[in-house]
Amino acid sequence: VEASIPEPQREAWQRNQITGFTDKDGFEKEVVRHVETTLARSMFNCDEIAAYSATSLAFRDRLVTHWNKTQQRQTYRDTKRVYYLSLEFLMGRALDNAMLNVGLKDIAKDGLSDLGFRIEDVIKQEHDAALGNGGLGRLAACFLDSLATLNFPAWGYGLRYRYGIFKQEIIDGYQVEVPDYWLDFNPWEFPRHDVTVDIQFFGQVNKKTADGKTVSVWEGGEIVQAVAYDVPIPGYDTPTTNNLRLWSSKASGGEFDFQKFNSGDYESSVADQQRAETISAVLYPNDNLERGKELRLKQQYFWVAASLYDIVRRFKKAKRPWREFPDQVAIQLNDTHPTLAIVELQRILVDIEGLEWDVAWEIVTSTFGYTNHTVLPEALEKWPVGLVQHLLPRHLQIIYDINLYFLQTVEKAFPNDRDILRRVSIIEESQPKMVRMAFLAIVGSHKVNGVAELHSDLIQTTIFKDFVAIYGPDKFTNVTNGITPRRWLHQANPRLSELIASKCGGYEFLKDLTLLSQLKQHVDDKQFRKEWAEIKYANKVRLAKHIKDTTGVVVNPAALFDVQVKRIHEYKRQQLNIFGVIHRYLTLKAMTPEERKTQMPRVSIFGGKAAPGYWMAKQIIHLINSVGAVVNKDDDVGDLLKVIFLEDYNVSKAEMICPASDISEHISTAGTEYVYLQLSIPFISTSYSFVENGGHDGEAVTDNSQRASGTSNMKFVLNGGLIIGTLDGANIEITREIGESNIFLFGNLSEDVEDLRHSHTYGAHTIDPDLDKVFDEIEKGTFGTPHDFSAMIAAVRQHGDYYLVSDDFHSYIETHHLVDKAYRNQDEWIAKCIRSVACMGFFTSDRCINEYAEEIWNVEPLVVERN
Ligand code: GPQ
């Protein structure tokens, strides 16, 4: 049915166009209207939550007009769109971001004040949208912001989890997980009950012949319905407002099966409904780990099939020939989670649309791009062939066919190499057989990228080496990660943003971050440094207040704030940090009161969630809290050392924490044994005098095989903090940009990692004497029952110290002494911070998106006119 209004009546619509408020009075009117009508409340019962709701609705109305216009314009122009498929979007709060992006926060602030509210309190009412675990999900969120800001026609596609990442509570020093039910009132989503897709699971494949052609028909099984929920994504200082479409699962054919219900089978009718709703019920809380659960595979197919149906439906509206599909559609796979989209599109084209296999495959591979985020083996997705066959029988056949044709071309190119076929096969011939999702993603895409320079080099020379030989190097590329400066500077640190604007010719730098380089001219300006230092101090006061409110511990904002916030992982080495803290404590305790007076006061701040099933990570959290419980009430050390664990680290807390850090820790072990490579880093001159085990003169060598990049390091530096880190991930590129003298690097280089691990296992493994003392103290019971921490100690002393905690301990401690020393010279410290920020232009996610657009997607921006 054509729902378009006929020409003669359109004038009435145009006459009544909604424009939205532009000034304080208009804003106030909208807030009052929403309080009194939408919320059915009044000034006599308007609390902060109601004020938040009404303010959000007022801004939402504004966004919606731009959103509609953007979508109409994109449909009308029918240019190529980008679809970013991600199982995680770690969005955080929306209101503050919306106010800043549409440029009306000051108006809202004054208006709310007239109405009796403080804007900060109103903003705080919002529950984080926490549909992600960590770096991977937050990257997707930063990318959406950049896509809209740069006016790219782009949609995100994800799952609308009823429960996002769990809320972390710390009870008696232990992590306790509490469900994150975040959908109570969410003004930012629009249910589209009319946009639904039926998704099939299980069943069987039958061959049918029609018009002399044999086709495969997937029949039977069960159907689950996908319902679309849309979230507007406003760009900064542009009317472009893109769409994030999240799918929610529902029993097909309504609430429950009335037929079953009426015939007395109540239980099974409700069970069907519940089983369907389970698919989008909860985000898997693992970071850098895949655990082959059937429900996870169901989630993946459900989301991918619904999204592709939607994309294909949109394409078909324009009635173009199929071969133009890749000219209209670019699909980016955020990690291997959406890899089934490759198979699903091939299925649609061949089975449903009747295209020839080769024609379809050409379309498929021209459409997809794949981003790899890690080479950690436990994070690389593989699914048992049997499971895929059971859940998606037709897809498994297609995967086998894709693999067959692929291996045939490999065989032709490498006729005398049998082993390469085994190595690159999409099907791993193990017991049980597995589908290697990364290989499928490579074969089905036209570009594959890593997320940091060295990471991209590494995947090409190690895990994907054979594919480089097969396809040539051009299929592989690098796009170094970045962050959005709107949220991570302007929103998180408004005063610093304002100060920077005063030196960089206004707020243009938020759209072109390289303009920060103008700060270099002002490094020697005393007044400027003073203001810079005052802002840092104020941000520390804000964090100190939060610490007091949430933990009861009073910290001195003049102390050096040392922050490590990220998911808890042995490879990220929070254990190294807390052992270092204990060492500091013991050193302070051994000093005379006179000696203590010469020490630099420090607050060690930790935060982060452990995956619920990651026992060792939970032990680490417990040790941090146990150390804090002892140290924080020890009058001998007083302000010289405080140890804080901040509960429930998330995006909105990061916005408060990053601006308040003096130094932050990015200290993962350099290198792993699975992948081993020497890469020279010309811009790092190295011979760190404090690197004892194998510090090299001349050129430094490392690999960055553990993590791909890391992105919180960028957030901290952009907010005027320095970092202590290993030669790993984006630390390396940050060093290149800001210079070696502005970063505290330490630790073994990865070329030595393999040998060190070998010697731990086969040689005499001696533990660093200072670390030994730390362990002895823990075992004496100073921090509670020693047994609680015995596994952490054993990992180093007895089990080969895989993460090289002992090998790096000395250089870590020494480098922290350098940090203390450097911090004493506040003037020079601030200068280092300013110089660093001036060099951070490269790390904006706008640069990433422009690189993707040019190198991978081949899309152009489409400007939407303002009202
Ligand atoms: N990353 Cl595979 C995650 O946050 N979760 C994951 O499951 C995988 C990767 C991170 C990675 O560890 C960081 O180094 C990256 O900066 C980040 O993805 C974004 O690329």
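Just so it is clear, the model here is predicted, and its values are computed rather than measured. In listed order, ligands and their atoms are each counted from 1.
Listed by number with element, the atoms of ligand 1 under 4.0 Å from a non-hydrogen atom of Gly710 are 13 (C), 14 (O), 15 (C), 16 (O). Listed by atom number, the atoms of ligand 1 under 4.0 Å from Thr374 heavy atoms are 2 (Cl). Residue contact check: Asp335 has heavy atoms under 4.0 Å from atoms 2 (Cl) of ligand 1. Within ligand 1, counting atoms from 1 as listed, the ones closer than 4.0 Å to a heavy atom of Asp287 are 3 (C), 4 (O), 5 (N).
At a 4.0 Å heavy-atom cut-off, ligand 1 does not touch Asn286 at all. With a 4.0 Å cut-off on non-hydrogen atoms, Asn481 touches ligand 1 through its side chain and not its backbone. Looking at Val451 against ligand 1, only its side chain comes within 4.0 Å, counting heavy atoms.
Taking a cutoff of 4.0 Å between a charged side-chain nitrogen and a carboxylate oxygen, Arg296 and Glu290 qualify as a salt bridge. Taking a cutoff of 4.0 Å between a charged side-chain nitrogen and a carboxylate oxygen, Glu177 and Lys167 do not qualify as a salt bridge. Salt bridge annotation for Lys511-Asp846: absent, with no cationic side-chain nitrogen under 4.0 angstrom from a carboxylate oxygen.
For Asp466, the side chain to side chain contact (heavy atoms under 4.5 Å, CB included) criterion is met by Ile420, Arg423, Val424, not counting sequence neighbours. Partners of Val479 according to the side chain to side chain contact (heavy atoms under 4.5 Å, CB included) rule, which considers only residues two or more places apart in sequence or in another chain, are Asn449, Arg847, Cys848, Glu851, Tyr852, Ile856.
A donor atom on one side chain and an acceptor atom on the other are not found under 3.5 Å apart for Thr711 and Asn481.
Selection from Gly134, Gly135, Ala452 by nearest heavy atom to atom 17 (C) of ligand 1 gives Gly135.
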